[in-house]
Number of protein chains: 2
Amino acid sequence: MNLRDLRYLLAVAEHGHFGRAAEACGVSQPTLSVQIRRLEDQLGVALFERSSKSVSPTPACDRLLGHVRAAVAETDAILAAARDLRDPLAGRFRLGIIPTLAPYLLPLVFAPLHEALPALEIEPWEDQTGALLERLRAHELDAALLATEVEGPDLASMVLFSEPFLAGLPPEHPLATRPVVAEEDLAGDILVLADGHCLRDQALAACGRSGALGGSLRAASLSTLLNMVAAGYGTTLIPGLAAGVAEDSGIVLRPLAARAGRQVRIAWRSRFPRRAAVEAVGAVIASRLRGFSEAAARGSWS
Amino acid sequence: MNLRDLRYLLAVAEHGHFGRAAEACGVSQPTLSVQIRRLEDQLGVALFERSSKSVSPTPACDRLLGHVRAAVAETDAILAAARDLRDPLAGRFRLGIIPTLAPYLLPLVFAPLHEALPALEIEPWEDQTGALLERLRAHELDAALLATEVEGPDLASMVLFSEPFLAGLPPEHPLATRPVVAEEDLAGDILVLADGHCLRDQALAACGRSGALGGSLRAASLSTLLNMVAAGYGTTLIPGLAAGVAEDSGIVLRPLAARAGRQVRIAWRSRFPRRAAVEAVGAVIASRLRGFSEAAARGSWS
DNA sequence: AGGTTTCATAGATACAGTCTATCGCCAATG
DNA sequence: CATTGGCGATAGACTGTATCTATGAAACCT
């Protein structure tokens, strides 16, 4: 049985006339005669009572017409829904974001994203890199914003912008008097985030250390870390986007001598069909952050 | 778009695997690959994200699946309903019956019809010949039981049984003393039904009259007529099947010398597709009434 | 590294849908 | 009563498409 035949059936039932029904369907009259006959054979039911003056549905046909109309309506609904979904820049877009980025990046890009891609319903999902990659591979995320490279042939990524680190110092710290701070000078009393945060490893690597301070601090969030530094418990490396918040908490910020930093990327499954959406989201973010890395590195982060 | 493709889509969505879905559909794997791809092209929407390890529906596909399932379910419903309707001896059967036949024939044949054709839901429709033919031609009846021949190439009919007339007399009527009554002897004081009843014309014709008594009586039903005769207002011709009821009302019945009577037929549109149902109904009625005409003509009508 | 699994592609084939042309039937008409 | 027109059915040719087998490409596992 074919959907086309069902439409033919509806047309004949509606017009009560093979010729006019054929015209309405855009086919020839014999086509309808043959197809309706075939349909009757397949169903084992006479659908129309033909005479030279009228073509009227049999009672059996009347009983079937409801289902036929419903089936045709559903397929029309499929086509209509597909039309709505056709735009890859529309619909839900689940975007993972790491915790050291989300609170500072999202306020910057949310409005531009909504403006540039009004049909895209972006659902941010905040978690650490490992968890995000897991969800990405499990099709539970459409893309993720990370500060690390991704591995494996099933994933792909693209750099959106570079985010320099800044030295974060308590106001009374000796280094706070210098205009520029060398990364390795921070190694002595640097505070870092808890395990799992990519920023932890990157900060330690930048200042030449392989391990953290002896388990004394397990800051779960950058916000906690900033408060600890502001209270004089040590120094830290602060991602450029968090500069404003860091200053507000009373921390002194200084550019770094070696320009340590990280690259923020958008990652997706290499087979993800809505590549266009990923690229559009990436483009909006990159555009919003254009020139940011240079400005941040110069220290003009306000 | 094709229903087959929709079934393929459901299979792939269900199995998450082209090979197994193909097996379930009874086609080869390349067939599914090609058809799903074509469907994606037609809808303009990516339906599955393929990799060598998994085939998972896209969010767009998830949204469409509901409609797809509904469409396929409706077509299955069409097939199922057609299976039920396939038997021409099943379903509604609208049967017209003339008023001088219905009250006496229906009680006789209703049970045998139901027994012989349990799936046939017979809906009797009582009206005069002209109205029945009109409804028959308008497809509002499937067949009709009449006592006249039908005219025109669009209708056909078949005699089911012969129904003799009997003389119906008041007990005190002079003719009541005779064992057999001649039709023409009734002409003097015969009472007949109102216009439109075929029995009216047939009774008048049988006793050799062309018009009725001077408009004095317009009996709308045989029952009224019987009561009038029983009350001594005149004589009448009574169809054999009504003999029992007539006797119960106190009328004297006598066989007719010339064996006047009428033939009861079943009529249908010559193009009516459920000829088998018509013939089955006719056969049951004819079988139930077999031998009736002879018995009635002999006067053994009890 | 080699074999296995899985989906995609290519080319051949068979079937099904459609067309034009024509027939047969019926009805209306001169 | 013969003719004409309208309508659906049928025949035969053609075209497009769904399907098959065979093979390719990529990823995964041993």
Side-chain angles (χ1 to χ4, degrees), chain A residues 1-9 11-43 46-58 61 137 139 150-156 269-273, chain B residues 1-9 11-43 46-58 61 137 139 150-156 269-273:
Chain A
M1 191 170 51
N2 196 322
L3 273 169
R4 199 187 312 114
D5 299 339
L6 296 186
R7 292 185 195 276
Y8 292 166
L9 167 57
V12 173
E14 183 186 347
H15 290 92
H17 189 287
F18 276 73
R20 282 190 285 278
E23 193 180 1
C25 293
V27 296
S28 70
Q29 169 264 318
T31 297
L32 247 68
S33 281
V34 171
Q35 293 304 104
I36 296 286
R37 166 59 53 94
R38 281 178 49 81
L39 192 58
E40 286 178 319
D41 290 346
Q42 284 170 16
L43 295 179
L47 294 172
F48 293 100
E49 191 177 332
R50 296 122 161 115
S51 77
S52 53
K53 50 171 63 169
S54 76
V55 173
S56 64
T58 61
C61 183
R137 288 194 161 100
H139 295 75
V150 295
E151 293 170 4
D154 58 333
L155 294 182
R269 293 185 301 281
S270 37
R271 309 219 175 232
F272 184 57
Chain B
M1 191 170 50
N2 197 320
L3 274 168
R4 197 189 313 114
D5 298 339
L6 296 186
R7 291 185 195 276
Y8 292 166
L9 167 58
V12 173
E14 183 186 349
H15 290 92
H17 189 287
F18 276 73
R20 281 191 284 278
E23 194 178 0
C25 293
V27 297
S28 70
Q29 169 265 317
T31 297
L32 248 68
S33 282
V34 171
Q35 292 305 104
I36 296 287
R37 166 59 54 93
R38 282 179 49 81
L39 191 59
E40 285 177 320
D41 290 347
Q42 284 170 17
L43 296 179
L47 294 171
F48 295 100
E49 190 176 332
R50 298 124 162 111
S51 77
S52 55
K53 52 170 63 170
S54 76
V55 174
S56 64
T58 61
C61 182
R137 289 196 162 97
H139 295 75
V150 295
E151 292 169 5
D154 57 333
L155 295 182
R269 293 185 301 281
S270 35
R271 309 221 176 230
F272 183 57

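Values below: all heavy atoms of this structure, side chains included; hydrogens, waters and symmetry mates excluded. In what follows, every chain begins at residue 1, and chains take the letters A, B, ... in the order their sequences are listed. Source: prediction; values computed, not measured.
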Answer yes or no: is there a side-chain heavy-atom contact under 4.5 Å between [X] and [Y]?
X	Y	answer
Tyr8(A)	Leu39(A)	no
Glu49(A)	Val55(A)	no
Cys61(B)	Leu9(B)	yes
Val12(A)	Pro57(A)	no

So does [Y] get a backbone contact from the side chain of [X], meaning a donor-acceptor N/O pair under 3.5 Å?
X	Y	result
His15(B)	His17(B)	no
Ser270(B)	Ala156(B)	no
Arg50(A)	Phe48(A)	yes

Nearest nucleotide by nearest heavy atom, which residue falls closer to the 5' end of DNA chain C, Asp154(B) or Ser54(B)?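 The residue whose closest nucleotide sits nearer the 5' end is Ser54(B).
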
In this structure, how many angstroms lie between the [atom2] atom of [N] and the [atom1] atom of [X], rounded?
X	N	atom1	atom2	value
Phe48(A)	dA9(D)	CZ	P	11 Å
Arg37(B)	dA10(C)	CZ	C1'	15 Å
Asp41(B)	dT17(D)	CG	P	13 Å
Leu32(B)	dA18(D)	CG	P	13 Å
Ile36(A)	dC7(D)	CD1	C1'	15 Å
Leu47(A)	dG8(D)	CG	P	15 Å
His15(B)	dT6(C)	NE2	P	13 Å
Arg137(B)	dA27(C)	CZ	P	10 Å

Any salt bridge (charged side-chain N to carboxylate O under 4.0 Å, His left out) pairs touching residues 27-37 of chain B, not counting sequence neighbours?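 Listed once each, the pairs are Arg37(B)-Glu40(B).
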
Residue pairs passing the salt bridge (charged side-chain N to carboxylate O under 4.0 Å, His left out) test where at least one lies in residues 23-35 of chain A, sequence neighbours excluded: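 For residues 23-35 of chain A, and leaving out neighbouring residues, there are no salt bridge (charged side-chain N to carboxylate O under 4.0 Å, His left out) pairs at all.
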
Under 4.0 Å protein heavy-atom contact, by nucleotide of nucleotides 14-26 of chain C - B base, S sugar-phosphate only: ---SSBBB----S

Ignoring hydrogens and geometry beyond distance, is a side-chain donor-acceptor pair present between Ser33(A) and Gln29(A) at under 3.5 Å? yes

Angle between the two end axes of the helix from dA1(C)-dT30(D) to dG30(C)-dC1(D), five base pairs per end, rounded to 10 degrees? 10°

If you take any heavy atom closer than 4.0 Å to DNA chain C, which residues from residues 16-23 of chain A end up in contact?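 Correct list: empty, so none.
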
Short side-chain N/O contact to dT6(C) OP1/OP2 from Arg50(B), under 4.0 Å: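 Indeed not, no polar side-chain atom of Arg50(B) lies that close.
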
Listed partners of Asp154(B) passing salt bridge (charged side-chain N to carboxylate O under 4.0 Å, His left out), at least two apart: Arg137(B)

